[in-house]
Trainee: 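Sharing a structure, written as structure tokens. Questions coming.
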Amino acid sequence: MSDAHGAVDAIWKLESATIIAALTRMVHDVGLAEELAQDALVAALEQWPTAGVPDNPGAWLTTAAKRRAVDHIRRAQRLETKQAELAREAGLREELPESSDDVLRLMFMSCHPVLPTEARVALTLRLVGGLTAEEIARAFLDNEPRVTRRIAEAKRTLARERVPFELPAPAELVARLASVLEVIYLIFNEGYSATAGDDLVRPGLCLEALRLGRLLAELAPDQAEVHGLVALMEIQASRSAARTGPNGEPIQLHEQNRGRWDLLLIRRGFTAMLRARDLGGRPGPYVLQAAIAVCHAQARTAEDTDWPQIATLYNALAQLRPTPVVHLNRAVAIGMAHGPEAGLAFVDALTADPSLRDYHLLPAVRGDLLLRLGRAAEARREFERAADLTRNAAERAFLLRRADQLATDDSPGMTLERATEEFLGGLDSQTARSYGQTLRRLCRALGGQVPLSSLTTDQVTQVFATAWGQAAPRTWNRHRSAARTFGAWADLDDLTAGVARRTESPAPTRTIGPEEIEALWRLPNLPLREHTLWRLLHESGTGVQVALSLNVEHLDLDDRRARVGEVWVNWRSGTARLLPELVAGRSHGPLFLADRRPAPARPAASADLCPETGRRRLSYERAEYLFKKTTQAVDPTGHGYTLRQLKPQRTKRNRA
């Protein structure tokens, strides 16, 4: 019995695509065709264990499936119009001739552009590849119910859109063929370099993609791009045995033992490439990629690789397919052909591309180029960032090993990642979740191990442009506020100087009520600097920036006023009582001073430095952060107030 079941499984793998294609031709519904084919499979599982495996099991399954199709059509016709459909029913009784064109039609149907890419892949593997939903889910680290739903929805979409079971018209063939080739290559790539999971390579998917590519080359022998894709996959697959070490760790191309490359697959790839060239015409993207693979395969050693030729081919490929990944590969080739500085310039130009913000190979390539330039510390941080971004366990371990090899005894001090965790740990859970989205994005984009003191305004500005450039003003401003608050906490006051606030729909600013103000003044242990600033803002009604720009020499303590440019600032008794103690005998320099002197790497303008203490002017960000943190205790919402809310409430008298 087990032999019969094994025979059924083996035959089904080989014949399912042909059977489903023939049935689709009959019933014009790919979902129904698969159901009818499954009925024939069930019949085989029931009959073969007792009756024995037939001499021609493929023909048996095909005939059984077609009979079920005829029965289905007969029932449908009887329900609708018996008289008009009798002739058509009789014609369908005859067995249709087998046609490899049917499989080609099925492949074009399952890869129809009306379906999203994930659905095309799943449906192609199901119908043409004969894989079960469980096998597809396992291959792509998905769950079986989701794959099953995806396949079912794809069938419904094809039926709803009435996608015909036919080859595209010649004018549409090239465009539709590109979709088929894309799906096959996507399947191959997932097997060749898995995006997630524990293993770097999944040979089953590579073999399935190769089988589909070879089948397509037989069915469409006059299409150069088909042979180009087959050549590309054959040559890339030839390196499989040399791509991983004993423990599954990746081995880079230039370090591979080329004696382990499969010569049979290389010869097959060369043959497919010659067929593509013989067909003539302008080389397409797959032919160009195959030509690049041929350059690698022809080099006896890594040093013999013709990198200038590869760079030229990538230039041509970038004109046909200017995707970020192609440009990244082009940068690698340029770095090998013309030196790491040239390659790094190309890579740095790609860092602002939003589609590459979480692509682990971008920092990995950048790390390679930096290492070749002797900038080991920067290279290490790039490898660590690449390890954080990849979802493949083998690749992550490989990148971390590369980073560890560049480790030094010099401690980077406080890192961005450690500072982030310390900062978030001091917040309530709701605020920590909100701010964590911003700061963890900064860690992913810049690298968690980057020294906190080395962060620059330009780096943060670029992250904002890449990550949230298209976000709504409210979202942009929320992330900006989080970064500003973190910068103030870390005493990096200019962290978001290049990130301008975006205009939102105007909303009235609620001032702090009299009872809340009194509760604020009664808080124990208020620092003198903060208490004075807050009193001044509340009593004078002046702007925060104006108050922070005050210098000691601007003050007229007797008349309770100060002049900043053309603006006069007046205060009352509460501020007047605190100011002399804050000034403490100083005669010049900023009135409100920061807690510490500026670091050598972050100098302040001379106008913002106190000539007596060397400390800089208190920044808006730091002042805002301290006020919000302190007022969480008196704010009913628990979030804390903003300095602008200190302005006194307007009464009917002062509005008149």
Side-chain angles (χ1 to χ4, degrees), residues 116-118 121 140-142 182 185-186 189-190 192-200 202 250 321-332 343-344 346-370 378-403 415-421 424 433-450 455-456 458-472 475-476 478-480 482-483 486 499:
T117 301
E118 296 85 354
V121 171
F140 284 89
L141 300 184
D142 211 334
E182 178 189 15
Y185 195 41
L186 181 62
N189 270 336
E190 183 59 29
Y192 188 72
S193 185
T195 56
D198 295 330
D199 300 321
L200 181 70
R202 296 183 195 149
R321 187 169 287 181
T323 66
V325 174
V326 169
H327 283 305
L328 181 60
N329 290 332
R330 178 187 176 210
V332 173
L344 186 61
F346 273 85
V347 171
D348 286 345
L350 296 173
T351 55
D353 193 315
S355 61
L356 292 177
R357 69 181 189 183
D358 289 333
Y359 189 50
H360 71 284
L361 290 183
L362 178 61
V365 167
R366 196 168 185 276
D368 276 321
L369 293 167
L370 288 168
E378 295 174 77
R380 181 190 180 194
R381 290 198 292 269
E382 291 297 299
F383 291 140
E384 289 171 338
R385 187 158 73 93
D388 287 340
L389 291 174
T390 184
R391 293 185 295 131
N392 183 279
E395 206 159 19
R396 182 184 301 111
F398 168 72
L399 289 164
L400 289 176
R401 279 197 301 274
R402 295 199 68 188
T415 64
L416 176 59
E417 184 176 60
R418 197 173 77 185
T420 293
E421 296 308 318
L424 296 177
R433 280 195 299 272
S434 177
Y435 284 11
Q437 295 174 2
T438 307
L439 299 179
R440 292 195 174 101
R441 166 53 59 189
L442 286 175
C443 288
R444 287 172 69 85
L446 302 176
Q449 300 308 308
V450 65
L455 287 188
T456 66
D458 290 342
Q459 288 176 317
V460 175
T461 302
Q462 181 171 308
V463 173
F464 267 75
T466 304
W468 303 296
Q470 303 302 316
T475 302
W476 171 276
R478 175 172 63 83
H479 290 299
R480 177 178 178 270
F486 172 72
V499 183

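Since the structure is predicted, the reported quantities are computational estimates derived from the model, not experimental observations. FYI, the numbering just counts along the sequence from 1.
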Trainee: Name all residues meeting the side-chain contact (heavy atoms from CB on, under 4.5 Å) criterion together with A445; count only those two or more places apart in sequence or in a different chain, and write none if there are none.
Mentor: V463

Trainee: Got a sec, which residues hit side-chain contact (heavy atoms from CB on, under 4.5 Å) with R330, two or more places apart in sequence or on another chain?
Mentor: Y314, N315, A318, H327, I334, F346

Trainee: For D368, enumerate each residue passing the salt bridge (Lys or Arg N to Asp or Glu O under 4.0 Å) test, keeping only those at least two apart in sequence or located in another chain.
Mentor: R402

Trainee: List in chain and number order the residues that pass side-chain contact (heavy atoms from CB on, under 4.5 Å) with P324, two or more places apart in sequence or in another chain; answer none if no residue qualifies.
Mentor: D353, S355, L356

Trainee: Write down the atom of A482, the atom of T438, and the distance for their closest heavy-atom approach.
Mentor: CB-OG1, 3.5 Å

Trainee: Looking only at heavy atoms, which two atoms of G447 and L416 are closest? And how far apart?
Mentor: O-CD2, 4.0 Å

Trainee: Please name the pair of heavy atoms, one in T420 and one in C443, separated by the smallest distance, quoted to 0.1 Å.
Mentor: OG1-SG, 3.7 Å

Trainee: Please find the pair of heavy atoms, one from P363 and one from L389, that lie closest to each other, and give the distance.
Mentor: CG-CD1, 4.0 Å

Trainee: Just jot down the side-chain contact (heavy atoms from CB on, under 4.5 Å) partners of A471, sequence neighbours excluded, or say none.
Mentor: W468, T475

Trainee: Using modelled atom types and a 3.5 Å cut-off, is there a donor and acceptor pairing between side-chain atoms of R357 and backbone atoms of A467?
Mentor: yes

Trainee: Could you please spell out the steps behind the side-chain contact (heavy atoms from CB on, under 4.5 Å) verdict for R380 and F383?
Mentor: CA-CA 5 Å; R380 181 190 180 194; F383 291 140; 5.5 Å; no

Trainee: Checking E378 now: which residues fulfil salt bridge (Lys or Arg N to Asp or Glu O under 4.0 Å) with it, not counting sequence neighbours?
Mentor: R375

Trainee: Please collect all salt bridge (Lys or Arg N to Asp or Glu O under 4.0 Å) contacts where either partner lies in residues 433-445, sequence neighbours excluded, each pair once.
Mentor: D358-R441, D358-R444, E421-R440

Trainee: Mind checking what makes salt bridge (Lys or Arg N to Asp or Glu O under 4.0 Å) contact with E382, not counting sequence neighbours?
Mentor: R366, R385

Trainee: What pairs with R478 under side-chain hydrogen bond (donor to acceptor under 3.5 Å, both in side chains), at least two apart in sequence or on another chain?
Mentor: Q437

Trainee: Does F486 have any ring pair (Phe, Tyr, Trp, His ring centres under 6.0 Å) partners at least two apart in sequence or in another chain, and if so, which?
Mentor: F423, W489

Trainee: For a side-chain hydrogen bond (donor to acceptor under 3.5 Å, both in side chains) with Q449, tell me which candidate from R381, E384, E417 qualifies.
Mentor: E417

Trainee: Measure the CZ-NE2 distance between F464 and H479 for me, rounded to the nearest 0.5 Å.
Mentor: 7.5 Å

Trainee: Residues in ring pair (Phe, Tyr, Trp, His ring centres under 6.0 Å) with Y359, at least two apart?
Mentor: none

Trainee: How far apart are the closest heavy atoms of T415 and G448, and which atoms are they?
Mentor: CB-O, 3.5 Å

Trainee: Which heavy atom of A364 sits nearest to which heavy atom of L399, and what is that distance?
Mentor: CB-CD2, 4.2 Å

Trainee: With heavy-atom distances below 4.5 Å as the criterion, would you say the side chains of L361 and E395 are in contact?
Mentor: yes

Trainee: T351: which residues meet the side-chain hydrogen bond (donor to acceptor under 3.5 Å, both in side chains) condition with it, sequence neighbours left out?
Mentor: Q462

